[in-house]
Amino acid sequence: MTSDTHSPSNGVMIEARGLSKYYGPFVATENVTFTVPRGQVAAFLGPNGAGKSTTMKMLTGYLAPSHGSASIGGHDVATDRLKAAECLGYLPESGPLYGEMTPDSFLNYMGEARGMSAARLAERLQFVIEKCSLGSVWNKPIGKLSKGYRQRVGMAQALLHDPEILILDEPTSGLDPNQVHDVRELILSLAKTKTILLSTHILREVKAMCSRVILINQGRVVLDGPVSELADDEAAMEDRFRELTKVKK
């Protein structure tokens, strides 16, 4: 069962239309345009400072663009943010988690804030406890948890309301190899029913999980196509990545 969301007639679930963000003379992003259709897992790549997180924050409504617009599930993020939020699960790179709360209290709070019924919330809590392996830390303060478990709590928050669309910013950042494997398996299982935009620095994760790559450099899209357009193996992918993201002097 998924959230009661609006289904765009054209099948586009995530859309960026000329997204630009300026901080005085500094250009964070300029004219970023792409769409992600229903059911696709798209990688959003770029070097540090390329504009990935800025773009994701504009897509999710956490940051207003200087120019351009975004829509989620057919809802304009600026003019219909609540409807857009209903069908979106967002995992920021460093999500705002309340250290004094436990996963139990935090996720109950988030479910109530989203207006979920008690029965629906109880059902979804059981789902995220299992999917994100939170049982052993369910009643421990979030501030005392390892980064891996805090990341799992953030993922559980993104999944709690069963959204059709997930935007995940560096979901494996700082995790050990076992934790990375667990997150990869979780994303692969979610990809069967969700539309996912995934930001990562780990190119082998792109090959393992994604069918499409959108590469941004210095605030602009420099590649948008099948993963095979980046390369066929990890070493060649790294070479192609470096070639496309050389700093222009």
Side-chain angles (χ1 to χ4, degrees), residues 1-3 39-44 52-53 56 60 85-211:
M1 181 178 178
T2 56
S3 309
Q40 188 174 81
V41 182
F44 193 43
K52 299 188 305 298
S53 291
M56 288 181 150
T60 54
E86 285 178 12
C87 52
L88 173 68
Y90 175 42
L91 176 66
E93 183 176 4
S94 300
L97 300 174
Y98 301 101
E100 71 280 4
M101 298 179 82
T102 64
D104 181 1
S105 60
F106 172 67
L107 292 169
N108 270 283
Y109 166 75
M110 293 301 295
E112 290 167 5
R114 283 189 172 276
M116 298 173 70
S117 69
R120 178 64 172 154
L121 178 55
E123 176 190 336
R124 292 301 299 171
L125 285 172
Q126 285 303 310
F127 175 86
V128 299
I129 289 170
E130 179 182 343
K131 279 288 186 182
C132 300
S133 303
L134 291 172
S136 64
V137 299
W138 192 238
N139 292 300
K140 294 182 180 179
I142 292 172
K144 301 291 187 183
L145 301 182
S146 67
K147 180 163 186 180
Y149 272 111
R150 291 197 302 272
Q151 197 78 329
R152 292 184 196 193
V153 174
M155 182 72 83
Q157 170 275 136
L159 296 174
L160 186 61
H161 58 299
D162 198 13
E164 285 188 301
I165 302 162
L166 294 170
I167 293 182
L168 309 176
D169 193 356
E170 299 289 348
T172 59
S173 173
L175 304 187
D176 67 35
N178 289 331
Q179 293 165 337
V180 169
H181 176 269
D182 290 345
V183 171
R184 179 202 293 181
E185 291 301 306
L186 173 58
I187 292 171
L188 285 171
S189 70
L190 294 169
K192 297 171 185 174
T193 57
K194 311 290 185 189
T195 302
I196 302 175
L197 183 65
L198 169 70
S199 170
T200 180
H201 280 99
I202 306 173
L203 294 180
R204 64 179 174 274
E205 299 300 315
V206 174
K207 191 166 179 60
M209 294 187 290
C210 305
S211 60

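Side chains included, hydrogens not; waters and symmetry mates left out as well; all remaining heavy atoms used.
Here CD of Q151 is found 9.5 Å from CG of L168. Values are rounded to the nearest 0.5 Å. Note that CG of D169 and CZ of F44 are 9.0 Å apart. Values are rounded to the nearest 0.5 Å. Once rounded to the nearest 0.5 Å, the distance linking CD of E205 with OG1 of T172 reads 5.5 Å. Note that CE of M56 and CG of L198 are 7.0 Å apart. Values are rounded to the nearest 0.5 Å. Between the CZ atom in R124 and the CZ atom in R114 there is a gap of 11.5 Å [rounded to 0.5 Å]. For the atom pair L166 CG and T195 OG1, the distance stands at 8.5 Å (nearest 0.5 Å).
In this structure the side chain of L186 reaches within 4.5 angstrom of the side chain of M155, judged on heavy atoms. The side-chain heavy atoms of L188 and E185, taken from C-beta on, include a pair separated by under 4.5 Å. Counting only heavy atoms from C-beta outward, the side chains of L160 and M116 approach each other to under 4.5 Å. Residues K207 and R204 form no side-chain contact, since every pair of their non-hydrogen atoms from C-beta on lies 4.5 Å or further apart. Looking at heavy atoms from C-beta onward, Q179 lies in side-chain contact with R152 at the 4.5 angstrom threshold. In this structure the side chain of P103 reaches within 4.5 angstrom of the side chain of L145, judged on heavy atoms.
At distances below 3.5 Å, not a single donor-acceptor pair connects side-chain atoms of E123 with backbone N or O atoms of R120. Using a distance-only test at 3.5 Å, with no hydrogens or angles considered, a donor-acceptor pair links the side chain of H161 to the main chain of L88.
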Would you tabulate the side-chain donor-acceptor contacts of residues 129-139 under 3.5 Å, counting partners in other chains and residues two or more places apart, or write 'none'?
| residue | atom | partner | partner atom | Å |
| --- | --- | --- | --- | --- |
| K131 | NZ | S189 | OG | 3.4 |
| S136 | OG | Y149 | OH | 3.4 |

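The shortest heavy-atom contact between Q157 and F106 is CB-CE2, 4.0 Å. Residues P171 and S199 approach most closely at CD-O, 3.3 Å, considering heavy atoms. Taking each heavy atom of G111 and L121 in turn, the nearest pair found is CA-CD1, 3.8 Å.
Under the side-chain hydrogen bond (donor to acceptor under 3.5 Å, both in side chains) criterion, the residue pairs touching residues 100-111 are T102-S105, D104-N108, with sequence neighbours excluded.
Annotation: side chain to side chain contact (heavy atoms under 4.5 Å, CB included) contacts of A191 (sequence neighbours excluded): V41, I196.
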